[in-house]
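Structure first, then comments.
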Amino acid sequence: MENLKSIIEAIIFASDVPLSLKQLKEIINEPNKPFTKNGDQTKISEQDIKNAIDELNREYTERGSAFRIIEIAEGYQFATLPEFARWVGKLFKERTKKKLSQPALETLAIIAYKQPISKPEIEAIRGVNVDHIIKTLLEKKLITIVGRADTLGRPLLYGTTKEFLKYFGLKSLSELPKPTEIEEIMQEDDEKINSYIEVTEDEREKIPKKNGK
Amino acid sequence: MENLKSIIEAIIFASDVPLSLKQLKEIINEPNKPFTKNGDQTKISEQDIKNAIDELNREYTERGSAFRIIEIAEGYQFATLPEFARWVGKLFKERTKKKLSQPALETLAIIAYKQPISKPEIEAIRGVNVDHIIKTLLEKKLITIVGRADTLGRPLLYGTTKEFLKYFGLKSLSELPKPTEIEEIMQEDDEKINSYIEVTEDEREKIPKKNGK
Amino acid sequence: MKYKVKLPYFEGPLDLLLFFIKRDELNIYDIPIAKITKDFLEYIQLMQMLDLEIASEFIVMASTLMQIKAKMLLPKPNVENEEEEEDPRAELVKQLLEYKKFKELAGEFEKMEDEASKIYYRGYFKHDARDYYDENETYEFLKDVSLFDLLTAFKKAFENASEKEVHEIEVQNYKVEDEIENIINRLKIKSRFSFSEFFEEYHEKIRIIVAFLAILELARLKKIKISQQDTFGEIFIERAFEEQERYAANAI
């Protein structure tokens, strides 16, 4: 059932930014197939939209729903109610546990391919201090200390763990794609499969290098 | 009011990825302050969660809500009903949804049904080089490297991802459309041919044997 | 040389063969090899005339077709052997059928893609209630990482490293405090901008580093939020101080 209320609900739900009444009005009254009330071309006013949002929130309250449409400076958006913070927090905690940041990933990649490797060597490649990241990776058990280098100061050497293999679904380190393999995958120019025609013509003009190593 | 149904609603609503029953169960039964039923420490089962989701969806239907909790990519996530695509689409007008090219779809189909599969194997089926496409599919996270083949050269093996399931609106790989087996294609075509032409015994023998080795 | 000629496009030799079979309503199990070879070669000639590069697969297929044709012309060996004698076309037919199967499946995939594109997921989560959400983990809040990401990261790390060796750094006197003020001022005008947008006007490496430190400091002070939508996606800096706070922010 398409009615103004559900349309507004759908739009606010899917939007990746908060929407103002004005923006909502524009979307709904857009000349190309605008919303019609009982087959009537009446324009929807901001007040109509405001009423619909209030009505939706009333329904959510009645139903004991866990979310509401809230209004902040930039506009309207969905949010879960504060009393569920504990549960939503658990969700995010679960998820963040498993995540790696870009710097962490780069450091992990260097360790994976260059192991055993010391912190100074990693820093020489990355050009930044990696203390914090090494600590995180150790905590996540993705790397471990495997010994000491014979070089000056005998710095600790790091290598990857079984957890690391598990994380990436590898049976052994020998399964790691080689940098040359990624070169092969990446060697293609930056043109992406965006438009059908572009791709097809591009591909047509391409001489495959299948046997060409 | 904290009850299991609203807690599940809150958790799924706040997640930007599908959550499996198992994940939901873990969050709800987490040792640190788990959910309690009437002050009782009863563990919540996956079935309890599934029932709550069904109940929630029933309520959304009754209310004429624009979204439902759908089963997608091995989990549950809130999503708008397709009939609101027209309105929500207006929101994302500028960024027109990009579709995959024909070669990309073909390659993806091969990977989906034959996974884990190596590049040479894909190329044997498509009869063309697929470097470029593999790269794009990897970037789009529709496929991923899943290991190495034991065959000569130990080529990398590819498989599909959860993103793939989500992109095609699938609950799991078992939902993939059943391919018409070669045998069936042959049969169909045979029937077609038979219904159109009278084939003499002689000619019939010229048709290569199906499993012809 | 890139000619953009709209010639009926084929994915490859198999696709072209399937086209001929469909166009001429040929029996796929009894392909008239002479005719199809002729059509195939004509197509290649057309491509040559148009000065299009011909993928090596087409050449390989042309030779395969000619081989099959030659075999078919050979007189049949003794009759007793006939049962074991494989049709020279059998391998090709098998290949064509296999390819045809996936071509059809690709059509199914396209329909599924279409249907799935009508479904939208929730897009904005910023104000969702969540307790013990550790601000320090903001940087860690990324999507799942694959092996491909790992390799890409490796490549990137080395590319960046080699760049560093090439450029001489002219030491300038940039202060983190100045950059903080600069960022705050920019955020007053625009509440959110992307990393790449931000660094566009920075050319010296040392200044980029100083500005980056300023961003980190602001994030620590919770004056800004740093977010990213996809792994390796654009990173955004967002104003996290309120209207009335903006003036005070100057005093940092």
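Reminder, nothing fancy here: chain letters follow the sequence lines and each chain counts from 1.
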Hey, could you give me the CG/CG distance between B/L24 and A/L91, rounded to the nearest 0.5 Å?
-> 8.5 Å
So, the part of B/L56 with a heavy atom under 4.5 Å from chain A: the answer is side chain
Under 6.0 Å between the ring centres of A/F13 and B/F84?
-> no
A/A79, A/S174, A/A66: which one forms the most heavy-atom pairs within less than 4.5 Å of chain B?
-> A/A66
From CZ (A/F92) to CD1 (B/I27), nearest 0.5 Å = 10.0 Å
For the atom pair OG (A/S65) and OH (B/Y60), what is the distance rounded to the nearest 0.5 Å?
-> 5.5 Å
Are B/K90 and A/E26 within salt-bridge range, i.e. N to O under 4.0 Å?
-> no
Minimal heavy-atom distance between B/W87 and A/I28, with the atoms involved, is CZ3-O, 3.7 Å
Side chain B/R148, main chain A/L170, donor-acceptor under 3.5 Å = no
What do the steps show when you test A/I7 against B/V88 for side chain to side chain contact (heavy atoms under 4.5 Å, CB included), and what is the final call?
-> CA-CA 8 Å; A/I7 291 168; B/V88 183; over 6 Å; no
Applied to residues 69-82 of chain B, the side chain to side chain donor-acceptor pair (under 3.5 Å) test, sequence neighbours excluded, yields B/Q77-B/K166
Taking the six-membered ring for Trp and the single ring otherwise, decide whether the centroids of B/F67 and A/F67 are under 6.0 Å apart.
-> yes
In this structure, CG of B/D16 is separated from CG of A/D16 (nearest 0.5 Å) by 12.0 Å
Which bit of A/L81 is near chain B, if near means a heavy-atom gap under 4.5 Å: side chain, backbone, both or neither?
-> neither
By side chain to side chain contact (heavy atoms under 4.5 Å, CB included), which residues pair with B/T61, not counting sequence neighbours?
-> B/R68
Salt-bridge test for B/E62 and A/R63: reply yes if a basic N is under 4.0 Å from a carboxylate O, no otherwise.
-> no
